[in-house]
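Inspection log for the structure reproduced underneath, given as structure tokens.
We use all heavy atoms of the structure for the numbers below, so side chains are in, but hydrogens, waters and symmetry mates are not. What you are looking at is a predicted structure, and each value in this text was computed from that prediction instead of being measured. Throughout, a chain's letter reflects where its sequence line sits, starting with A, and its residues are numbered from 1.
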Amino acid sequence: MNPYILSATGPHIKAKTTTANAMRDVLVALIPITLVSVYFFRAYAIFLISVCLTTAVLTELLFRHYMKKKPTLRDGSALVTGLLVAMCFSATTSWWRGALATFIAVGIAKELMGGLGWNRFNPALFGRVAIILLAPWFVAINASLSPWSLNLGPVDVMTHATPLAMLQQGMSLPSYTTLFLGFPGGAMSEASVLAVLIGAAYLIYRKLINWRIPAAMLSTVFVFTLLLGKDPVYHLLTGGLMLGSFFMATDWVTSPINNRGKVAFGVLIGLSIVVFRVILAPTEGVAFSILIMNAFVPTIERLTRSRTFGHVKATSPLSRMVRTRESTAS
Amino acid sequence: MKSKTFRQGGHIPHFKSDTEHQPIVTLPVPERVIIPLSQHIGAPCDPLPDVRVGDRVTVGQPIGMGKGLCAPVHASVSGYIEAIEERPHVCNRNIMSIVIRREGDDTWNEVAGKGIDELSAQEIVDIIGQAGIVGMGGAGFPTRVKLSPPPNKHIDTLLLNGAECEPFLTSDHRYMLEHGEDVILGLKAAMKATAAQRAFIGIEDNKPDAIAHLQSLTAQDSNIAVVPLETKYPQGGEKQLIYSILRREVPTGGLPMDVGAIVQNIGTAVAISEAVKWRKPLIERVVTLGGPGVLQKGNYLVRIGTPLSYLLDKCGVERDCGVRVIVGGPMTGVVQSDLEAPVIKTTGGVLAFTPEFGRRTDAYSDCVRCGKCVEQCPMYLYPNDLGLLAEAERIGDLDRRHVLDCIECGLCSYVCPSNRPIVQFIKLAKPAVWAHRNRLATGSGR
């Protein structure tokens with residue numbers, strides 16, 4: 001880099017948002033749901049969160065050390081991933097599943113993909129889904145590790161089925177209000193819609209997430225469950241939908257960078273979630289849907305690219321191919 | 001009235017409160033002025049044949065001229081020519097300049113000229129040309145050339161740019177408040193010169209006093225309207241201003257005249273007015289002196305050619321503690337390497353920043369695709385991609401992604417949470433993209 005251009009030309013002032021304080025704000029936004037989890041699940045929540053945070057930090061240190069890269073713990077992204085992974089599990093999940101999920105999230109989905117900014121898939125969801133896909137292995141692992149599992153005392157709310165499963169099996173569901181305020185079933189993040197929304201409001205207020213993705217996702221789920229004759233409000237209030245739309249799908253790195261792309265991305269995720277919930281497996285539809293659409297982000301961006309000011313048309317993929325051929329011909 | 005605006009752009013802090021209420025103060029004339037022979041876009045001037053070292057010149061006398069896209073330069077003080085040689089310039093290179101040691105009376109004797117009504121369009125253009133007037137907003141396009149569009153371009157609207165969207169700068173604001181009549185007269189002269197039927201004065205809505213003042217001055221003129229603009233950067237960018245007011249998009253590679261508009265800066269209008277009224281050449285201008293490193297912040301009327309060091313000393317800048325001196329605004333201005341460089345026709349502001357002010361000292365990191373630059377780019381570009389492509393020197397891809405449409409406003413670098421020097425990467429790559437285009441053009445001829 002030409003040192004003159006770097007130091008002498010503008011801008012000479014700088015916005016306050018840095019990657020590190022953005023990550024810190026995400027951690028702050030996760031405080032309400034973390035507190036609710038601790039309230040419902042007590043020591044189990046504290047233990048699982050601690051395991052995931054510690055694993056995240058150690059994994060990042062380990063990978064960056066062996067990849068001979070500078071440590072980047074200060075950007076806080078490892079902590080965010082660790083906490084999000086923990087939030088995707090139910091509190092009584094065995095600690096080695098949480099630790100392995102975090103290891104895969106930070107080590108494979110982030111660091112091996114090139115580090116923060118280059119990862120194609122949302123690390124936390126990648127780690128969570130990897131554990132689901134690796135489930136057959138856990139039969140053996142669970143058996144061999146069970147002597148080391150912790151018993152942190154009884155938590156009576158743990159016997160609930162997840163609301164989504166209850167919905168699927170036609171059981172009578174808790175009321176809208178209960179689901180909205182707090183109902184301990186399923187993953188820790190699903191314990192209270194309100195707590196997730198408080199964090200989301202903070203992120204929107206701090207201009208760290210773009211409202212378009214959650215708005216497109218939630219309205220798509222609402223409209224299509226309604227059209228299919230389901231109860232749309234229960235679908236909005238249950239499962240990982242709220243955490244997924246505000247904290248996962250809005251991930252800077254793995255969502256489209258342009259506003260039109262964000263809308264398309266949200267709608268596609270919403271459609272996919274409806275397919276999962278209505279036709280396929282009742283749980284983890286949100287995680288799979290977001291990861292699948294993560295893979296299509298470059299395509300979505302290319303197809304929704306905006307026109308440059310003063311140009312008549314956008315550089316569509318087709319016209320670019322034609323022009324590339326022209327320039328190579330000449 | 002609702003403020004008009006353009007799409008995208010960003011809200012940045014104004015930092016204008018220190019100087020926006022400071023009336024214009026005339027700065028004492030320095031002992032020595034340095035008149036660079038290039039103070040505009042285009043061909044530099046040549047010293048006139050009768051201007052030699054040791055000769056006496058009087059204030060307002062032309063001392064350099066050139067042909068084509070050029071504007072003459074004038075002695076801004078009376079005195080003796082001390083040197084004709086390369087001297088530091090605010091563009092951070094040495095430029096051939098005429099140095100005048102001051103002696104005698106420096107007051108410009110007003111020559112009462114004819115009113116606009118008695119002057120023909122061509123006469124107005126000639127007066128502006130002889131006065132050496134250039135766009136005073138920063139780019140420095142010779143005003144004579146701007147006001148003589150080719151006959152196939154029909155100009156229907158003249159826009160006066162009072163947006164002053166750069167933080168810290170308040171010189172145009174003060175011009176509008178204290179020289180409102182001149183602003184309007186200069187505007188009317190430019191309208192007559194171009195036969196434009198109507199005019200709009202665009203002013204950001206953080207200057208309500210200027211909006212009200214110019215509205216009262218133009219109350220009788222049915223073809224001049226004051227348009228409040230949203231306070232958003234870069235509202236004063238030529239293409240953004242035209243879009244905000246007229247909803248017209250200057251085509252890529254084109255000029256405002258391609259959409260029937262001409263944009264003039266506020267300071268330029270005042271200079272036009274003074275040239276038409278008194279035949280006064282452009283020998284002085286208002287400069288905002290601001291920034292946390294300045295003790296006596298304010299708006300000063302300064303002779304062209306006044307060394308920055310003189311200006312800074314007069315305004316109580318402690319130069320020893322590592323201040324950065326920026327000519328222009330903090331978004332697009334340039335840090336000075338030599339403070340002996342003089343104020344030129346395009347210098348609207350001189351800022352002194354203390355070492356820690358406005359800086360992020362950590363190294364830049366990888367793009368995290370937050371999308372802030374894409375959301376704010378006033379040209380609807382993808383600065384994140386352009387920055388990466390420029391870093392990788394993928395010149396053909398940069399051209400296909402319209403890097404040459406970048407107006408270098410600096411918002412992308414300003415907002416980037418990874419501290420990436422995006423606009424700097426783009427500035428660095430542009431010459432290579434032009435060269436690539438030229439190669440393609442000559443290559444296809446074979």
Could you check which of [options] has the highest count of heavy-atom pairs closer than 4.5 Å to chain A?
| options | answer |
| --- | --- |
| G410(B), C416(B), P330(B) | P330(B) |
| G333(B), G371(B), C367(B) | G333(B) |
| G358(B), S365(B), G328(B) | G358(B) |
| F15(B), F353(B), Y382(B) | Y382(B) |
| C373(B), G254(B), P251(B), C409(B) | P251(B) |
| D362(B), V374(B), T332(B) | V374(B) |

### Query
Is the F246(A)-Y202(A) ring centre distance short of 6.0 angstrom?
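Ring centres of Y202(A) and F246(A) not closer than 6.0 Å.
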
### Message
Report which part of N210(A) has an atom under 4.5 Å of a heavy atom belonging to chain B: side chain, backbone, both, or neither.
### Response
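For N210(A), the contact with chain B is made by the side chain alone.
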
### Query
Relative to chain B, which segment of S255(A) carries a heavy atom at a distance below 4.5 Å: side chain, backbone, both, or neither?
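Contact with chain B is through the backbone of S255(A) alone.
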
### Message
Please report the interatomic distance CZ(F265(A)) to OG1(T250(A)), rounded to the nearest 0.5 Å.
### Response
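Interatomic distance, F265(A) CZ to T250(A) OG1, rounded to 0.5 Å: 9.0 Å.
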
### Message
Could you measure the distance from the CD1 atom of I108(A) to the CE atom of M113(A)? Nearest 0.5 Å is fine.
### Response
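It is 11.0 Å, given to the nearest 0.5 Å.
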
#### Entry: Cationic tip of R7(B) above Y243(B) ring, under 6.0 Å, 45° of axis
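No; the conditions do not both hold, so R7(B) does not lie above the ring face of Y243(B).
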
Backbone of [Y] reached by a side-chain donor or acceptor of [X] within 3.5 Å:
| X | Y | value |
| --- | --- | --- |
| N419(B) | T18(A) | no |
| T102(A) | A56(A) | no |
| E408(B) | K427(B) | no |
| K262(A) | P256(A) | yes |

### Message
Using every non-hydrogen atom in the two residues, find where T81(A) and A105(A) come nearest and quote the distance to one decimal.
### Response
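Looking at all heavy atoms of both residues, the closest pair is CG2-CB, 3.8 Å.
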
Chain A heavy atoms under 4.5 Å from [X]: which part of the residue, side chain, backbone, both or neither?
| X | answer |
| --- | --- |
| Y414(B) | both |
| C412(B) | neither |
| I426(B) | neither |
| P378(B) | backbone |
| N384(B) | side chain |
| K239(B) | both |
| C370(B) | both |

### Query
Just checking, is any N or O donor in the side chain of D405(B) or T252(B) under 3.5 Å from an acceptor N or O on the other one?
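Judged by distance alone, the side chains do pair up.
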
